[in-house]
Amino acid sequence: MRKKLYGIAALLSIFCIAILFFAILSVGRRQAAPSYEGEWLTAEGNYTYPMTPYKEEWAQLDILERRESCNMPQELVDMLTTEELVNAALDYPLKMDYIGFSSPEKGLEHLKGSSNVYRELFKREDIIENLLKAYRDLQVDYDLLVSETVSNPWEKSGYAKELILQLLIGCDEIFDQLTEAQMEELLTVVDERYAAKQGTGDDFTMAWSRNNPFLLGREGILDLE
C-alpha cells in the first residue's frame with residue numbers, strides 16, 4: 001500500500017514538474033522576442049496589431065502597405081497557441097477583404113495568402129475545437145447592426161468576427177472533418193445565433209446569407225429562403 005502511494009506521489013510530482021516546465025518554456029518563448037514589445041506585443045506579452053484602421057496613419061497607406069503592416073512576424077506567429085491564433089485571425093484588420101472576391105472560397109484563399117496568421121492556423125491539429133469554442137463564446141450585439149449612430153457597426157458589434165468564424169468553420173477543410181458531436185454543437189450555436197438576430201432588419205438578413213454560403217448554406221445547417 002505504501003509503495004502504491006509512493007508511486008502515485010511520484011507520478012503527481014512528475015506531472016506538476018511537466019506543467020511547470022511548459023509554463024516556463026512558454027514565458028521564455030515570449031521573452032525571446034523583446035524587440036517586439038510595444039509594437040506586436042503588449043507589456044503583458046499579449047499579441048497586438050500595431051496598425052489598424054482606427055489609426056490616422058492607416059489612411060496614408062495603400063493596400064499593399066496595409067497588408068504588410070498587418071503581417072505579424074513569423075517568430076511571433078509560431079509562438080501563439082491555437083486559441084491565440086484564432087483570436088488573431090478574428091482581430092486581423094483586413095479580415096473582411098474576403099467579401100470583395102467572387103466567392104468565399106477565393107476570399108479565404110486570399111486571407112491565407114496575405115496573412116501568415118491564417119496560414120499557420122490551418123496547420124494546427126487542434127484548429128477545429130478552437131474554432132468551435134470561439135464561435136460558441138463570441139459575444140455579438142446584434143442591435144448595433146441597425147443603429148444609425150454607430151460607425152462601422154459590423155466591427156463594433158462583433159458581427160464581423162462571426163462572419164469570419166462562419167467562413168472558417170464552413171470551408172471544406174474544416175466542415176468535412178467535424179465529428180458527430182462537433183456537428184451537434186455547431187447546429188446548436190447556429191440556431192441560437194440565427195434566432196438572436198431575428199428582427200434586426202432586412203439588410204442583416206441578406207448579409208447573413210449572402211456572405212456565408214460556406215456554413216449557413218450547407219445542407220442540414222440552416223434553411224434560408
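Throughout, numbering of the chain's residues begins at 1 and tracks the sequence.
No continuous path of hydrophobic side-chain contacts links Leu94 to Phe101 [ILVMFWY only; heavy atoms under 4.5 Å]. Leu163 and Leu144 fall into different hydrophobic clusters, where Ile, Leu, Val, Met, Phe, Trp and Tyr side chains are chained together by heavy-atom contacts under 4.5 Å. Ile127 and Leu178 fall within a single hydrophobic cluster, where Ile, Leu, Val, Met, Phe, Trp and Tyr are joined by side-chain heavy atoms under 4.5 Å apart, directly or via other members.
Between Leu167 and Leu111 there is a side-chain heavy-atom pair separated by less than 4.5 Å. Using a 4.5 Å cut-off on side-chain heavy atoms (C-beta onward), Ile174 and Leu168 make no contact. Side-chain contact check for Val77 versus Arg119: every heavy-atom pair is 4.5 Å or farther apart. By the 4.5 Å heavy-atom criterion applied to side chains, Ile164 and Tyr118 are counted as neighbours. Inter-residue side-chain proximity for Arg66 and Pro53 is flagged as unmet; no heavy-atom pair is nearer than 4.5 Å. In this structure the side chain of Tyr135 reaches within 4.5 angstrom of the side chain of Glu162, judged on heavy atoms.
A salt bridge links Glu173 with Lys112: the closest approach of a Lys/Arg side-chain nitrogen to an acidic carboxylate oxygen falls below 4.0 angstrom. Under 4.0 Å is where a charged nitrogen must lie from a carboxylate oxygen, and between Lys133 and Glu129 no such pair does.
For Gln74 and Asp78, the side-chain atoms include at least one donor-acceptor pair closer than 3.5 Å. There is a side-chain donor-acceptor pair under 3.5 Å between Asp126 and Thr82.
Of all heavy-atom pairs between Ala88 and Tyr47, the closest is N-OH, 3.1 Å.
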* To do: Under the side chain to side chain contact (heavy atoms under 4.5 Å, CB included) rule, what do Tyr98 and Met96 come out as? Steps first, then yes or no, please.
  => CA-CA 5 Å; Tyr98 88 89; Met96 297 310 293; 4.0 Å; yes
